[in-house]
Structure formats: structure tokens, C-alpha cells
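We name chains A, B, ... by the order of the sequence lines, and we start the count at 1 in each one.
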Amino acid sequence: MLTIATGNKAVAEAVRQAGPGVIAAYPITPQTEIVEQMASYVNDGVLKCEYIPVESEHSAMAACIGASITGVRTFTATSSHGLLYMHEMVNWAAGARLPVVMANVNRALGPGWNVWAEHTDAFQERDTGWLQVYVSTVQEAYDATLMAFRIAEHQDVLLPVMVNLDGFTLSHIMQSLETVDPGDFIPPLRLPHAIDTANPCGYGTLTGPDEYFKFRWDIERSMRDSVRVIAETQEEFSRRFGRKYGFTEDYRCEDADVVVVSMGTLGKEAEVAVDALRDDGVKAGSMRLRWLRPFPKLDLSGREVVVIDRDYSFGSGGILADALRAKCGADPFSVIAGLGGQEVTYDDIAGFVKARKPGKELWFGVKPDV
Amino acid sequence: MYEIRIHSRGGQGGVTAARLLALAAFRDGKYATACPFYGAERRGAPVVSFVRIDDHPIKVYSQIRSPDLIVVLDRSVMDVVDVFAGLKPDGKVLVNAKEFAVEGRKVYTVDLTGIALAENLVVAGSPILNTPVIGALAKMGVITIDSAKKAISEMFSDERNVRAAAAAYKEVSA
């Protein structure tokens, strides 16, 4: 069905269709619309699901963990400080190999108090064992949420998945949305280590130095396997519903001399910048990174790279810029822009490309440039 | 791409007006985005919302700086905000007022407050301006009146909203 919706409503609709058995959540701006909508679905009987209004985000993830280990599909949503408050449990969910799906509406961290878009919140969870996908449109928020359940629950993955969308910029914008009948796209969850009262087991017990690393390696093994599962799931989604997704979204990259690498809604704004740059005779392209974990193989060889980080690791650099240096051998012009919802237009992005200096870093809006 | 900036005060329905307008444009078969700018606003503070309408998918997320049309739901906002900032030279203005003129600007007026009060469309003491304004925008050719009515009916079950839009469609003047 073709309709119009906000990013938050699109996520909620996909979750309704995925049919979780338990949702445990705590409201926080700007994701509150998601959990309000889920609560309404449950209250109105549209979704048969246990909705647990917990007292904190730590408890939200703890409740999802408890529910998931019984083999039931679980969902939660959070943002920013809420995500950080559940950090301990975020690690636990991955370590316990529970396919929880969470929507995180990317928002900056205080102080100063700020409710607008930034990716540092989710980037701080990048080492937890969660898969992370970042979306750029209302449609993609819906599609990625449907796919998240199938990927998380795949027998070769069994890891939690975080769907990230930019606070306000995407969570609150209204765009067209084509919903689908998922049919059997998301098979029933089969958790091999689900609690079975007929066969009592210990969970999360003491694991000594001679065993612990094997469980860590098993997470990494599944993370590597998830690359294939993600690719297959995205292909299957395209086959059934017509919309194509990759690990990146590449725009006019084939013959590009310079590629802008970015994430989230800035990636769409970058495509407009690329068109303007091409009109000015600059052979530019845009590569929007969709999956941060697993981090995909990127082919940036032979091209100059301008990377926009809507995040920062103090004392090191833009987190995405660091990743491109380490994993792709790139020497990018690193731009730090859009922090805390800072306005970044396509003209600004075209300006970054024109002013590029490989190996240098630009903090947008900070004078003098550093 | 046709770009519209809506100025109002928190609680007057500017954000909903933007969403209704995008929905109506969408029902016309266009691509549309409605994007409120969420500042640290509260009830009564000046707020701004953006609507983009195009024949192609819209990739721009940044704020509208050179609008084709400016809508002012509350004239008092003009005392504190330069609502005409960036308006294209041939751009239009729609003001919620019985009469209003600006030198060198194509200004349309309509008494949205009067229309809302006549239908007793009042929530928490504030007249509802977001449904009648959609009717005025239909008359200005931004959307069709059929899609305007369709969009309003999809979002609001109270028929007075459609009647208010129809009244504004009739009464808007250039």
C-alpha cells in the first residue's frame, strides 16, 4: 500500500508486521513516536504482543534479553542517552546470542543538552557484537526494519540488529512509504538455545579463561557469516518487493575521481551535491555506507575520498575516517559535520569536495579551520 | 521543485499543516516531504515547517532557504521573525489576515481564524488553522482541492475540517 509516513511510523509499521511477542521500551526523544505507536497497536489489539513499559532503558534491554531467551521475537527502540544507559545490556544481548531488533534514532549526547541528529550514540556501541544498519529515507527505514528481523534470527547469525535513523531529520520527516505484505519473508524464530523447562540448563554461567575466547570467536564467526546473510536477505527482499539494497548505496561512482563517503540522510544530500559538482565539471560520486557492522569491503582505490563524519572519537578523529584509513588504505579529507543536528546543505558538501586536502581534517563551522 | 515555508506559533498546527499539504500533494501524484524544524520551541513560540513538492524523488533534507511560497499562520510572528527571508523574487505569500500587503510582494490573504471560529474549530482555546489553510493553498494552485479534501479526511474524521477548507478555498484573495 502506498501511503505517507514519518520515519518513526515506518519503523513501527514494519515491527507490527514482523509481529514480535514482547516489546519492552522506555520513551526518549526523538524515538518516542515508535514506542507510542507500538503501545497503541498492542492496546488496540492490532498486535498480539506483551508490551512492557519498563522504568529505564537498562531494564528495557534486560527485559528483551529475558524474553528473547525463551525463543520469542523481541523489539525495543531508543536513542542517545537511552542507548548509553542500556550499554551493559546491549553487550549482554549480543554475548547471549539473542536476535533482538532495536531501532535507534540517532541523537547527540549531552552536555550541552541536544536532541538532534548525530551518529556518536550508536558508534559507541559498535564493538558490542550488534549488527548496525543506517538508513536514509522513510522507505528504507521500513524496509531495513523488516530485513533486520530476518537477518538477526538467521541460524548463521543469531545476533542482535540495530536499525539507525537520523533524529528529527528522518524520524519526523514525512515522505512516501510503500508497505508490503511480508508473507513468509520473516520465518518463525527458531532459537536453538531457547529455555526449555523440560531440559534445564545454566545461562550466563562462569566461563573461564580456557573457554571464554571461544565464545568471542563464535560471535566474530557469525558476524563474518552475516555478510553473506545480509547480501542474501537484501537480494531476496529485492526479488519479492522490488527495492534493491547493498552494503553501500553508490551514486555516480563508476567514473568518479572523488567520492564522498557519508552515512544516513547526509548521504542523500551528498547525491544532490554530486549532481551540482558534475555540473561544475568535478567528477564526483557519493558512497553512502549503510552497514557499519559488519563493516563491508569498500573499493575506493584510485579515487580521492572526502569522508563526512557525523560523529567523533576525541583524540583520534572521525570514526568513519579512521575506519577508511585502517581498512581501505584511503587517505581521506576528513570532514566533521552535522554534529548535534548542525545544518549541512548540499552546497556545503560541494564546498567540502572543492576544498579537499587529502590527509587533513575540517571541523565544519569552526574557524579557523583545523 | 516547489518549496514552501510555513511560519506559525507552537500549538497553532503549523506542523500538521505541513503534513496535510505533503499528503495532499502526494494524493495529486507528486513526491512530497514535510519536515518540521524542531527547535527548543514551546507553546506560543515561533515555529517553522517546510514542505517540498516535486515530480521526482526528493533527496534534500536541509532547511529551505529560498522558498517559492511563504505561509504565515500568525501575523504576530512577523514582529519577531523575518518571514520573507530568502523568498524568491517571484515568490508568493499567504497570510492569515483579512487584509495585508507588502511592497513588491504577491500577497494572498484569507481570514483563517475567522473561518475556524465560524465552524467552532477550537482546540484548547486555539482556533484550528491547519485544515482551512489547505483549502486556501488549493485555490492558489499548490495542490488540487480534491486532494486537499482527501488529505484532510484521511487525517481528521470531523467534517468541519473539510468545510473550513472549502470556505478558505472560496474566500482567499490576492
key: Backbone N/O of T33(B) and side chain of Q175(A): donor-acceptor pair under 3.5 Å   = no
task = Any chance you could measure M174(A), atom CE, to L21(B), atom CG, to the nearest 0.5 Å?
result = 11.5 Å
ask   = Hey, is OH on Y41(A) packed in by over 12 heavy atoms from elsewhere, all under 6.0 Å?
value = yes
remark   = When the 4.5 angstrom heavy-atom criterion is applied to L2(A) and chain B, the contacting part is both
note = Of A34(B), A32(B), C35(B), the largest count of non-hydrogen pairs under 4.5 angstrom with chain A goes to A34(B)
inquiry  = Counting only heavy atoms from other residues, nucleotides and ligands, does the tally under 6.0 Å from CD of Q63(B) exceed 12?
reply    = yes
inquiry  = Report which part of F26(B) has an atom under 4.5 Å of a heavy atom belonging to chain A: side chain, backbone, both, or neither.
reply    = side chain
query = Which value, rounded to the nearest 0.5 Å, describes the distance between R19(B) atom CZ and T6(A) atom OG1?
reply = 5.5 Å
key: Between CD1 on residue I58(B) and OG1 on residue T137(A), distance to nearest 0.5 Å   = 12.5 Å
key: CG on D348(A) to OG on S62(B), rounded to 0.5 Å   = 8.0 Å
request  = Name the region of N114(A), side chain, backbone, both or neither, that has any atom closer than 4.5 Å to a heavy atom of chain B.
outcome  = neither
query = Between the main-chain N or O of K59(B) and the side-chain N or O of E271(A), is there a donor-acceptor pair closer than 3.5 Å?
reply = no
ask   = So how far is it from I4(A) CD1 to E154(B) CD, rounded to the nearest 0.5 Å?
value = 9.5 Å
request  = Check whether R65(B) gets within reach of chain A through its side chain, its backbone, both or neither, counting any heavy atom under 4.5 Å.
outcome  = side chain
Distance (rounded to the nearest 0.5 Å) between Y61(B) OH and T345(A) OG1 = 15.5 Å
query = So with a 6.0 Å cut-off around NZ of K170(B), is the heavy-atom count from everything else above 12?
reply = no
Y26(A) atom OH, neighbour heavy-atom count above 12 within 6.0 Å = no
